[in-house]
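To start, the structure itself, in structure tokens.
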2 protein chains.
Amino acid sequence: MTTISATAQPTLDEVAAAAGVSRSTASRALNGGARVSPQAQAAVDDAAARLGYVPNRAARSLVTRRTDSIALVVPEPDERVLSDPFIGGTLRGVGAALAATDLQLLLIIARPGESPRRLARYLRAGHVDGVVIASHHREDGLEEAVLASPVPAVFVGRPFAATEGLIYTDVDNRAGARQAVQHLVDTGRTRIAHIAGPADMAAGLDRRDGWSDVLTDAGLPADAFASGEFTVASGHRAMTDLLAVHPDLDAVFAASDSMALGALEALRAHGRRVPEDVSVVGFDDLGVAASMTPPLTTVRNPVVEMASCAVEQLLTLLSGKRDVPTVVFPPELVVRAST
Amino acid sequence: MTTISATAQPTLDEVAAAAGVSRSTASRALNGGARVSPQAQAAVDDAAARLGYVPNRAARSLVTRRTDSIALVVPEPDERVLSDPFIGGTLRGVGAALAATDLQLLLIIARPGESPRRLARYLRAGHVDGVVIASHHREDGLEEAVLASPVPAVFVGRPFAATEGLIYTDVDNRAGARQAVQHLVDTGRTRIAHIAGPADMAAGLDRRDGWSDVLTDAGLPADAFASGEFTVASGHRAMTDLLAVHPDLDAVFAASDSMALGALEALRAHGRRVPEDVSVVGFDDLGVAASMTPPLTTVRNPVVEMASCAVEQLLTLLSGKRDVPTVVFPPELVVRAST
DNA sequence: CTGTTAGCGCTTTCAG
DNA sequence: CTGAAAGCGCTAACAG
């Protein structure tokens, strides 16, 4: 009638006792229920429900050697990254893909000066079954950490070292940039500047390459460019610099919408009308572009889908499969009033 | 010379053997090193380093009954929340506060239909040592879940039920709203509308109260208001509605900068000039406000600090202290061109 | 289908 | 200061 052990978290033993079966049977019933008689199953289910049994994950992990959780690694929590819609989108994509499973999401915010060894170490501590790496920079040592660790990992965004064995999902940044710049060329612009992303990120380089591809093909000069760090402020600054050196520019392709926003401000400050005097195209389309004035023509970056896809890749990996192929999403030009 | 067990993760036993001490001594040396002779300590440190030893957390958790991780619970990953700078700021604040510790951050994205019991259950599974709840809605059942669980928890943003025992950090939303509206009154506006936040969030209600406080005190009508959900689109919609019903309005206080942005668009679409015809004030100042056109007068919401503070509260709780006081941050009016 | 038997790797009394 | 012993709660062979 009255249970001996009171409020403490019930253990499997207690459930088994309450159900009148052995611990093993209780365990089997609780996990999948293979090879368990209907009555035993029912008794265990009932006992577990009555007692409010919740398996202790540490104990389970200890023996299964799985943690049922995966980590999302994002870089240092500086101004940019966590306010960036990019991370928000990634989070959403990861969350969505995980919803179908019962994996938990661990957010690892990689600290600034921290050596990559720390991550490698962390991974080896067996905290997570897999890793998604979100915003990878050239020298962050994440590739080595991943390669050195037995924990499956995937990148969202092409890793720098195209090392064999590094799996990733990405958008075709170069093709997207080409679409953007081609659009500018097609609408009659001839002096097309570029506000590039950081040179230590693949997306930055690829978008710049796409820009110069088109200009070169069109026989136009590809010399007007300045770099930013994907932020509004850096876009503003870059645009100001560009205007100083190339006052004749009639279009600008910014490697992110945030930088395009900064550019728009700078153009306005310099009395240039958009799109009459200068056409502007961005990259990302994560929400801000549509609500800018004027609405920004941009290249849609399927961040959420990419993140979900990366998780799928990871799940495939976790299921024991090898040779998971890299996935590259097609970008899509979204034409709005800024051009 | 050669170790027997090869690539596998070294265990404490192996470290102990390599150091020529018992497992207990090795364990002590590895944790704090109380009551360990200098030589034993050195031997263990050395062996651990050489072997690349990393303690297995599951095993440790099993016996210590701690997980060294805390969870950040955020609501469903809908459009709004994860693109919202508010969550970004919260994440940053939490990350910053955790940087000093070696606690890990678990992100729990509460799914939509999911019963609060699931969270309660999760908490009882012993996955985390504590919880920070980020964006709490009236009927999400989080308060009950927290109260029903033995796991320490704190809210960022006042919980609805002012139940004894619920700890939180917040900004004084009502006071902030008062400052905003008072500013509008002081600059001569007399027909001040409000775009309110959702009625199922404390911040939404409190800001509305602040708005009506001032209008009532000033003898002005507090009847022009519409509600949104803190999004740009809903702000646009609300503003449009307000203009239809109250074409004479000469100011609007929006409960978030995002909604203010939407309002700005709507005002522009209706040919109203800001601030000449209509003054606009927002709330949050998380970055967008400053870069709007015109730059938005707003109330600074110290989200990052609040999140850090919440973590501090949680750490205090975890250290065994009781009666951790609630903290309420003062808001601060930031005047810009939109008024 | 079920129970018994061993641990998973670690911390922690408790005697020395 | 150190080591031996005893589990933490769970799963996974292995015989029945």
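Every heavy atom of this structure was used, including side-chain atoms; hydrogens, water molecules and symmetry mates were not. Residue numbers start from 1 in every chain, and the chains themselves are labelled A, B, ... in the order their sequence lines are given, proteins ahead of strands.
- Within residues 42-49 of chain B, no residue is approached by DNA chain D to less than 4.0 Å at the level of any non-hydrogen atom.
- Listed in residue order, the members of residues 15-22 of chain B having a heavy atom less than 4.0 Å from DNA chain C come to none.
- Side-chain N or O atoms of B:Ser308 include one that pairs as donor or acceptor with a backbone N or O of B:Gly93 at under 3.5 Å.
- B:Asp170 contributes no side-chain N or O that, together with a main-chain N or O of B:Val328, makes up a donor-acceptor pair within less than 3.5 Å.
- In terms of the salt bridge (Lys or Arg N to Asp or Glu O under 4.0 Å) criterion, residue partners of B:Glu305 (sequence neighbours excluded) are, by chain and number, B:Arg300.
- Using modelled atom types, one finds a donor on one side chain and an acceptor on the other under 3.5 Å when comparing A:Ser22 with A:Thr25.
- The nucleotide range of DNA chain C contacted by chain A, defined by atoms under 4.0 angstrom from heavy atoms of the protein and reported 5' to 3', is C:dC1 to C:dG9.
- Between its two ends, the helix from C:dC1-D:dG16 to C:dG16-D:dC1 turns its axis by 30°, counting five pairs per end and rounding to 10 degrees.
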Enumerate donor-acceptor pairs with a distance under 3.5 Å from any side-chain N or O in residues 59-66 of chain A to protein atoms, sequence neighbours excluded.
residue: A:Arg60; atom: NH2; partner: A:Asn31; partner atom: OD1; Å: 3.1
residue: A:Ser61; atom: OG; partner: A:Arg57; partner atom: O; Å: 3.2
residue: A:Ser61; atom: OG; partner: A:Arg66; partner atom: O; Å: 2.7
residue: A:Thr64; atom: OG1; partner: A:Arg60; partner atom: O; Å: 2.9
residue: A:Thr64; atom: OG1; partner: A:Arg66; partner atom: N; Å: 3.2
residue: A:Arg66; atom: NH1; partner: A:Asp68; partner atom: OD1; Å: 2.7

(Q) Each nucleotide in nucleotides 7-16 of chain D should get exactly one letter: B, S or -. Can you fill that in based on protein heavy atoms under 4.0 Å? (A) -BBBBBB---
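- Distance CD1/B:Ile109 to CG/A:Leu105: 6.0 Å, rounded to 0.5 Å.
- Applying the ring pair (Phe, Tyr, Trp, His ring centres under 6.0 Å) criterion to A:Tyr168, with sequence neighbours excluded, gives no partner residue.
- Between B:Phe160 and B:His136, the ring-plane angle classifies as perpendicular under the 30° and 60° cut-offs.
- The closest side-chain heavy-atom distance from B:Thr11 to B:Val15 is not below 4.5 Å.
- How far OG1 of A:Thr90 is from CE of A:Met306: 7.0 Å, rounded to the nearest 0.5 Å.
- Sorted by first then second residue, the side-chain hydrogen bond (donor to acceptor under 3.5 Å, both in side chains) pairs that include residues 33-45 of chain A, not counting sequence neighbours, are A:Gln41-A:Asp45.
- By the salt bridge (Lys or Arg N to Asp or Glu O under 4.0 Å) test, B:Arg138 is found to be paired with no residue, residues two or more places apart in sequence or in another chain being considered.
- Using a 4.5 Å heavy-atom cutoff, the side chains of A:Ile108 and A:Leu72 are not in contact.
- Taking B:Asp46 as the reference, B:Arg50 meet the salt bridge (Lys or Arg N to Asp or Glu O under 4.0 Å) condition, with sequence neighbours excluded.
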Under 3.5 Å, which donor-acceptor pairs link side chains of residues 145-153 of chain B to any protein atom two or more places apart or in another chain?
residue: B:Ser149; atom: OG; partner: B:Val151; partner atom: N; Å: 2.8

